[in-house]
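So the structure is just underneath, and the comments pick up after that.
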Amino acid sequence: MSPRNAGGPLPASFTILPERGLVYVHYSGFVTIGDTRDAIADYLRHPASRPGQMQLVDLSDVTGFEDDIVELIKLQAGKADLFRPADGIQTLLVYYAPHDEGFAMAKLILRSWQGVTSVMATIQRHEAEALDILGQPERRMHDLLSAAG
């Protein structure tokens, strides 16, 4: 944890729901590219991480984000390699962004996925729609996490 996050929630965290083939990723506050890089490294080390796990990226608590396009492209290039497994598995990414700041962040990220055929990504403004795309019966993120935990 960096000193600026001492005592507070991490800007990027995740919960793997292995029985659903789903990873819930939560961003909060001001998000840096380093925050995302750290979360990805933690995910890759996690024993329950698997290729092709669907990703539900919750941007509802984002208040701002680092928009260094050069660093974002570097990060996304590395992520594209991660989401391009040799066996042709596709990954579904759903960005839940009900507010303008998170929506702007999601649009920037979505552009960086262009041309990566192993990733299908979308942005949703409503929880129920985001969960529905992922085939989840719950209508709220809280209910999803409670049911899985």
Side-chain angles (χ1 to χ4, degrees), residues 9-62 64-149:
L10 293 174
S13 63
F14 65 89
T15 302
I16 298 175
L17 310 171
E19 67 285 351
R20 296 184 185 222
L22 178 67
V23 181
Y24 172 78
V25 182
H26 182 256
Y27 284 94
S28 64
F30 185 88
V31 181
T32 68
I33 292 174
D35 296 328
T36 298
R37 191 176 292 118
D38 292 346
I40 291 167
D42 290 345
Y43 169 70
L44 291 174
R45 285 190 297 267
H46 196 284
S49 70
R50 301 283 181 272
Q53 287 175 318
M54 297 179 293
Q55 311 273 319
L56 173 55
V57 183
D58 183 349
L59 304 175
S60 62
D61 294 326
V62 169
F65 61 96
E66 179 181 9
D67 61 357
D68 181 335
I69 193 68
V70 173
E71 285 301 310
L72 178 64
I73 289 169
K74 286 182 199 174
L75 175 68
Q76 289 299 101
K79 283 173 64 177
D81 287 339
L82 294 174
F83 287 105
R84 198 179 287 137
D87 56 7
I89 294 174
Q90 288 193 312
T91 301
L92 175 59
L93 302 175
V94 176
Y95 295 90
Y96 168 58
H99 309 298
D100 290 344
E101 200 64 39
F103 191 78
M105 181 177 164
K107 284 192 332 187
L108 186 64
I109 295 167
L110 213 60
R111 281 196 303 260
S112 69
W113 284 121
Q114 289 178 348
V116 180
T117 58
S118 60
V119 171
M120 297 171 291
T122 184
I123 305 170
Q124 297 299 311
R125 291 274 198 172
H126 303 283
E127 281 180 276
E129 291 169 8
L131 291 162
D132 189 51
I133 288 170
L134 293 162
Q136 304 304 310
E138 294 82 10
R139 301 295 88 197
R140 294 180 36 227
M141 308 287 174
H142 173 79
D143 296 338
L144 169 74
L145 296 171
S146 295

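This structure is a prediction, so every number in the text was calculated from the model and none was measured.
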What pairs with Arg111 under salt bridge (Lys or Arg N to Asp or Glu O under 4.0 Å), at least two apart in sequence or on another chain?
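Applying salt bridge (Lys or Arg N to Asp or Glu O under 4.0 Å) to Arg111 gives none.
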Please check this pair: side chain of [X] against backbone of [Y], looking for a donor-acceptor N/O pair closer than 3.5 Å.
{"X": "Gln136", "Y": "Leu134", "answer": "yes"}
{"X": "Glu127", "Y": "Met141", "answer": "yes"}
{"X": "Ser49", "Y": "Tyr43", "answer": "yes"}
{"X": "Glu66", "Y": "Ile33", "answer": "yes"}
{"X": "His46", "Y": "Ala48", "answer": "yes"}

Would you say the side-chain atoms of Ser146 and Asp143 include a donor-acceptor pair closer than 3.5 Å?
no
Taking all non-hydrogen atoms of both residues into account, name the closest pair between [X] and [Y] and its distance.
{"X": "Ala121", "Y": "Tyr95", "value": "CB-CE1, 4.2 Å"}
{"X": "Pro11", "Y": "Phe30", "value": "CB-O, 4.0 Å"}
{"X": "Arg20", "Y": "Ala147", "value": "NH2-CB, 3.7 Å"}
{"X": "Glu101", "Y": "Val62", "value": "CB-O, 3.8 Å"}
{"X": "Tyr27", "Y": "Asp61", "value": "O-CB, 3.7 Å"}
{"X": "Ile89", "Y": "Gly52", "value": "CG2-CA, 3.3 Å"}

Assess the residue pair Tyr96 and Leu131 against the criterion (side-chain contact (heavy atoms from CB on, under 4.5 Å)); give the C-alpha distance rounded to whole Å, side-chain angles, the decisive distance to 0.1 Å, and a yes or no.
CA-CA 9 Å; Tyr96 168 58; Leu131 291 162; over 6 Å; no
From [X] [atom1] over to [Y] [atom2], what is the distance, rounded to the nearest 0.5 angstrom?
{"X": "Asp58", "Y": "Leu145", "atom1": "CG", "atom2": "CG", "value": "8.5 Å"}
{"X": "Gln55", "Y": "Leu93", "atom1": "CD", "atom2": "CG", "value": "5.5 Å"}
{"X": "Ile40", "Y": "Arg45", "atom1": "CD1", "atom2": "CZ", "value": "11.5 Å"}
{"X": "Met120", "Y": "Thr91", "atom1": "CE", "atom2": "OG1", "value": "7.5 Å"}
{"X": "Asp42", "Y": "Phe14", "atom1": "CG", "atom2": "CZ", "value": "5.5 Å"}

Which residues share a side-chain contact (heavy atoms from CB on, under 4.5 Å) with Asp38, sequence neighbours left out
none
Partner residues of Ser13 under the side chain to side chain donor-acceptor pair (under 3.5 Å) criterion, sequence neighbours left out:
none
Can you confirm whether [X] sits close enough to [Y] that some side-chain heavy atom of one is under 4.5 Å from a side-chain heavy atom of the other?
{"X": "Thr15", "Y": "Leu17", "result": "yes"}
{"X": "Leu144", "Y": "Leu56", "result": "yes"}
{"X": "Tyr24", "Y": "Leu22", "result": "no"}
{"X": "Phe65", "Y": "Leu108", "result": "yes"}

Go through the steps to decide whether Arg140 and His142 satisfy the test side-chain contact (heavy atoms from CB on, under 4.5 Å), and finish with yes or no.
CA-CA 5 Å; Arg140 294 180 36 227; His142 173 79; 3.9 Å; yes
Stepwise side-chain contact (heavy atoms from CB on, under 4.5 Å) test for Gln124 and Asp132:
CA-CA 10 Å; Gln124 297 299 311; Asp132 189 51; over 6 Å; no
Check against side-chain contact (heavy atoms from CB on, under 4.5 Å), Met54 and Val94:
CA-CA 8 Å; Met54 297 179 293; Val94 176; over 6 Å; no
